[in-house]
Amino acid sequence: DGGITQSPKYLFRKEGQNVTLSCEQNLNHDAMYWYRQDPGQGLRLIYYSQIVNDFQKGDIAEGYSVSREKKESFPLTVTSAQKNPTAFYLCASSSQGEEKLFFGSGTQLSVL
Amino acid sequence: EDQVTQSPEALRLQEGESSSLNCSYTVSGLRGLFWYRQDPGKGPEFLFTLYSAGEEKEKERLKATLTKKESFLHITAPKPEDSATYLCAVRVYSSASKIIFGSGTRLSIRP
């Protein structure tokens, strides 16, 4: 079945540590997105990519980095510069000409 | 600034008690409005896309409508399995790559 796979489901970060969240899709979608969701708040855009080897900052990119070396993959690194990383992280994708987003099941990141 | 506001924040209904969720938006140019359903600890699941005022979409007990300033998600005779957070989002012409989300309405249906 086609879809978006996020891993791990739960992740714990120690102070000063960088962690990477995985996002893989087999939908052949061009665009991929990373959102952050805090309790009681809407989704906020971290980074997005419309094509391989190209990506743009969203509204809250500070403390995060991404890469898009393959169409299927869009990993997100939460760096030590992100002082409040505890949140639910969602990866999404969409195809050209189709407006809606398809979401993965999310990664819950917590700080030890 | 483009903005999406959902109300109420939370809504508790009795099974079979119909109601509506509101999504008001202030955007420079609406390209599309989306409704998603999100269960706890999971990613949002797509429900509807609306493009122009007067448009309506239906799926089982849900019906979405759109005006020039807001959208409503009507829930008719809800069941406990309809309990979830419902998210509204918009795409705008000024930045078609971005989708702006509201903070959601937490719907709880009591049996």
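- Contact count against chain A (heavy-atom pairs under 4.5 Å) is highest for B:Gly43 among B:Ala89, B:Gly43, B:Gly32.
- Both the backbone and the side chain of A:Leu43 come within contact range of chain B, with heavy atoms under 4.5 Å apart.
- For A:Gln37, the part lying near chain B is the side chain, with the backbone staying farther off; criterion is any non-hydrogen pair under 4.5 Å.
- Side-chain contact between A:Lys100 and B:Tyr36: present, with at least one pair of heavy atoms (C-beta onward) separated by less than 4.5 Å.
- A:Phe55 and A:Phe74 have their aromatic ring centers separated by at least 6.0 angstrom.
- The contact between A:Leu101 and chain B is made by backbone and side chain atoms together, counting heavy-atom distances below 4.5 Å.
- A donor-acceptor pair shorter than 3.5 Å can be found between the side chains of B:Ser20 and B:His74.
- Contacts of A:Asp38 with chain B are absent, with no heavy-atom separation under 4.5 Å from either backbone or side chain.
- Among B:Gly102, B:Gly41, B:Ala10, the residue making the largest number of heavy-atom pairs under 4.5 Å with chain A is B:Gly41.
- Between the side chains of B:Glu56 and B:Thr65, no donor-acceptor pair of N or O atoms lies under 3.5 Å.
- Of the atoms belonging to A:Phe102, not a single heavy atom falls under 4.5 Å from chain B.
- Of the two parts of A:Gln41, only the backbone, made up of N, CA, C and O, holds a non-hydrogen atom closer than 4.5 Å to a non-hydrogen atom of chain B.
- Ring pair A:Tyr48/A:Tyr33 is parallel by interplanar angle, where below 30° counts as parallel and above 60° as perpendicular.
- With 3.5 Å as the limit, one finds no donor-acceptor pair spanning the side chains of B:Ser18 and B:Thr76.
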